[in-house]
Amino acid sequence: MKILITGGSGLIGKVLTQSLQDAGHEVAILTRRLDSKSTVTQYLWNPNRKEIDADALSGVEAIVHLAGANIAEKRWTKQRWEEIYSSRVASAQFLYEKVKECKIPLKSFISSSAIGWYGAATSEEVFTEEADCADDVLGALSMAWELAADQFLDLGCSVSKVRTGIVLTNEGGALPKMTKPILMGIGSSLGSGKQYMPWIHLDDLCAVYTQLVEHQLPAGVYNGVAPESITNRDLTKLLAKVLHRPLWLPNVPSFLLSLIFGEMATILLNGSRVSANKLIENGFQFKHPKTREAIEEIFGK
Ligand SMILES: NC(=O)c1ccc[n+]([C@@H]2O[C@H](COP(=O)([O-])OP(=O)(O)OC[C@H]3O[C@@H](n4cnc5c(N)ncnc54)[C@H](OP(=O)(O)O)[C@@H]3O)[C@@H](O)[C@H]2O)c1
């Protein structure tokens, strides 16, 4: 099957490209900058300027939409938030228009979404896919992102959305940021430490996308999280244990994180549990369902 991945140059996209190629699929990526070292077929696009390589969509049966300006990279200024928003929402809208205009017989559109759908709040509630979207900025972003994906239903193709938790890999993303201070011997929990950090091992997330592409999982919305919940405090302790480093400092106070990161601190300081039951009920088997085992595998322990 010919599959096109937006944001295919990113943390998830690179590994997903390899997994899909290993499964025998023909993969191409959409990128804003060609990488001369890349071995995958690349097509240029610029969703802001509504530009796309004329050949990019030819023969494509599935699109995996991973493009998105990193939510945790820079302070959320108005300009940055617009970029975060348009890189996910306007880009999907642009693809929809192109697929429609070029009459591409697309079979499936699979979009990333995020557990931000459930909002930035700490509670003991376990959110399932049935839960309403939260009334905050992350909820609004996820809603717009998912609605942009849903447009593809009009074109007669299936649509799936993966509300992704924190993706665990040592190649980038949250984990290296968490382990850096721990390795330096100055690690500590954030804020109350009681906030949950729904997570998924990168290999399991790629397996979810692959099974959606291959229709082994029925199309729909799924929480892309592992079955085991863990709080920030327990994950920090676990990382220190696995990496054989001491934890002796008090928690980083919430006000300090807000001072450093501004509004973005909310994603560090809040989090509830998110259910993986729908994936399991649909026959998905996690390779890394438990946090300790996932962390040990990542660090080769
Ligand atoms: N990693 C996580 O823990 C996590 C958790 C929840 C949800 N997600 C979601 O999963 C998706 C992929 O995540 P990732 O970790 O692989 O992200 P990533 O490493 O930051 O890669 C995202 C890709 O999006 C493209 N991109 C960045 N800014 C863009 C812009 N302004 N306009 C258009 N494209 C842009 C880039 O591709 P080019 O530079 O090649 O164009 C980049 O390689 C994102 O939508 C993210 O929000 C990730």
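Indexing begins at 1, ligand by ligand and atom by atom, following the structure's order. These numbers come from a predicted model, not from an experiment.
Ionic pairing of K2 and E61 is not present here: no N-O contact between side-chain nitrogen and carboxylate oxygen is shorter than 4.0 angstrom. For E146 and R163, the salt-bridge test passes: some basic side-chain N is under 4.0 Å from an acidic carboxylate O. Under 4.0 Å is where a charged nitrogen must lie from a carboxylate oxygen, and between K161 and D150 at least one such pair does.
With F94 as the aromatic partner, K50 does not meet the cation-pi criteria of under 6.0 angstrom to the ring centre and within 45 degrees of the ring axis.
Note on ring orientation: taking the six-membered ring where Trp is involved, the planes of F152 and F109 are parallel (angle under 30°, cut-offs 30° and 60°).
Closer than 4.0 angstrom to ligand 1 sit non-hydrogen atoms from G7, S9, G10, L11, I12, T31, R32, R33, L66, A67, G68, A69, N70, E83, S87, R88, S112, S113, W145, T164, G165, I166, V167.
With L4 as reference, V60 is the one residue of V27, I104, V60, V64 to meet the side-chain contact (heavy atoms from CB on, under 4.5 Å) rule.
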